[in-house]
Amino acid sequence: SKLHEAIEEKSERKSKIFKNNLPAFSLTYPEDLIELKPNPMIFPSKKPVFIASKSPGFDLLIFVYKSTKYRLEKAAQRIAKRIKHRASEVNIISNEPITLKDGTSAYESVIEFKSAGIFKAKSIHLVVIKYDHRIRISIFTNANYFNDNLRDILHSLEFD
């Protein structure tokens, strides 16, 4: 726990900004995350526009889809369905509408599951439709490291 707090304190001090061109938005994330290229074996068709990771078991993914016909309130069920392909005991803990700083409507969900059949994990997701695109920001982490501060990353989403 103390090690995680030290990592969290360090990551709160310095940050980076990811900028997407189309649609134009930015997201602030901890500087200590390592940016990765999407693995085509894991993401064969819909690859993320951004992936960053750090140990122990923390992944940040951003997906952008051209989409106008999508119900935000169903996002958690769709994400859970995808997680079930790689995990067990998948449970949606919450799925709530929120409003971003600029007034944009979004849905935020938390999903709990067992990774590799034994490791308890949690994920938090923010899904929004803006400029005829669906944007999904997901953070996956070990259940022990999950905390409300992860919402700060999701809520740093800003549209240009």
Side-chain angles (χ1 to χ4, degrees), residues 1-12 15-16 18 25 27-65 67 70-101 104-130 133-157:
S1 176
K2 288 188 185 260
L3 176 61
H4 177 63
E5 288 172 12
I7 291 170
E8 190 174 287
E9 284 176 24
K10 180 181 174 187
S11 67
E12 286 180 356
S15 59
K16 287 184 180 179
F18 167 76
F25 68 86
L27 183 86
T28 304
Y29 64 95
E31 179 186 58
D32 60 344
L33 292 180
I34 299 166
E35 295 175 40
L36 305 169
K37 292 189 185 245
N39 181 337
M41 298 298 284
I42 298 172
F43 306 104
S45 60
K46 301 285 186 185
K47 68 180 184 178
V49 297
F50 181 78
I51 298 176
S53 185
K54 76 175 176 181
S55 290
F58 182 99
D59 297 310
L60 168 64
L61 296 95
I62 302 173
F63 295 86
V64 176
Y65 307 95
S67 176
Y70 188 87
R71 294 177 51 198
L72 290 176
E73 64 272 12
K74 297 288 185 184
Q77 289 85 359
R78 294 177 84 170
I79 295 166
K81 186 177 177 181
R82 287 192 179 110
I83 292 172
K84 284 180 184 178
H85 293 292
R86 299 184 319 258
S88 62
E89 298 181 32
V90 178
N91 296 309
I92 298 170
I93 305 301
S94 67
N95 185 38
E96 302 294 328
I98 64 163
T99 303
L100 300 177
K101 289 182 259 185
T104 302
S105 296
Y107 258 77
E108 181 183 283
S109 57
V110 174
I111 301 173
E112 188 175 70
F113 57 95
K114 280 199 176 174
S115 179
I118 55 171
F119 300 107
K120 253 192 169 170
K122 280 190 176 181
S123 58
I124 186 167
H125 310 270
L126 179 78
V127 181
V128 62
I129 295 177
K130 189 84 168 182
H133 287 80
R134 176 171 33 107
I135 300 154
R136 181 181 69 153
I137 304 163
S138 297
I139 299 173
F140 294 87
T141 188
N142 181 298
N144 294 332
Y145 300 133
F146 188 88
N147 62 59
D148 283 337
N149 294 333
L150 300 178
R151 284 183 167 83
D152 293 342
I153 298 170
L154 299 180
H155 295 203
S156 74
L157 176 65

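These numbers come from a predicted model, not from an experiment.
Leu157 has its side chain within reach of Val128: a pair of non-hydrogen atoms, C-beta onward, lies under 4.5 Å apart. Residues Ser53 and Ile34 are not in side-chain contact: their nearest non-hydrogen atoms beyond the backbone lie 4.5 Å or more apart. Annotation: side chain of Phe146 is in contact with side chain of Ile124 (closest heavy-atom distance under 4.5 Å). Two residues are said to be in side-chain contact when any heavy atoms from C-beta on lie closer than 4.5 Å; Asn91 and Phe113 fail this criterion. The shortest distance between side-chain heavy atoms of Ile135 and Val127 does not fall below 4.5 Å.
Aromatic rings of Tyr29 and Phe50 (six-membered ring for Trp) have centroids within the 6.0 Å cut-off, being under it.
Defined by atom type and a distance below 3.5 Å, a donor-acceptor pair is missing between the side-chain atoms of Ser88 and Lys114. For the residue pair His125/Ser109, the side-chain donor-acceptor check at 3.5 Å is not satisfied.
Scanning both residues, Tyr145 and Thr141, for their nearest heavy atoms gives CB-OG1, 3.6 Å. In this structure, Ala52 and Leu33 approach most closely via the heavy-atom pair CB-CB, 3.7 Å. Heavy atoms only, all atoms of each residue included: Tyr107 and Pro97 are closest at CE2-N, 3.6 Å. Scanning both residues, Ile111 and Ala76, for their nearest heavy atoms gives CD1-O, 3.8 Å. Annotation for Ile153 and Leu27: closest pair O-CD1, 3.1 Å, computed over non-hydrogen atoms. Across all their heavy atoms, Leu72 and Ser105 have their closest contact at CD1-O, 4.0 Å.
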Dump the intermediate steps for salt bridge (Lys or Arg N to Asp or Glu O under 4.0 Å) on Glu31 and Lys16, then the final yes or no.
-> CA-CA 5 Å; Glu31 179 186 58; Lys16 287 184 180 179; over 6 Å; no
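With rounding to the nearest 0.5 angstrom, the CD atom of Glu108 is 6.5 Å from the OG atom of Ser94. A distance of 11.0 Å separates CG of Leu126 from CZ of Arg136, quoted to the nearest 0.5 Å. For the atom pair Arg134 CZ and Tyr70 OH, the distance stands at 4.5 Å (nearest 0.5 Å). Once rounded to the nearest 0.5 Å, the distance linking CZ of Phe18 with OG1 of Thr28 reads 12.0 Å. To the nearest 0.5 angstrom, Ser123 atom OG is 11.0 Å from Asp59 atom CG. With rounding to the nearest 0.5 Å, the separation of CZ in Arg82 from CD in Gln77 is 12.5 Å.
Atom CZ of Phe119 has 12 or fewer neighbouring heavy atoms from other residues, nucleotides or ligands inside a 6.0 Å radius.
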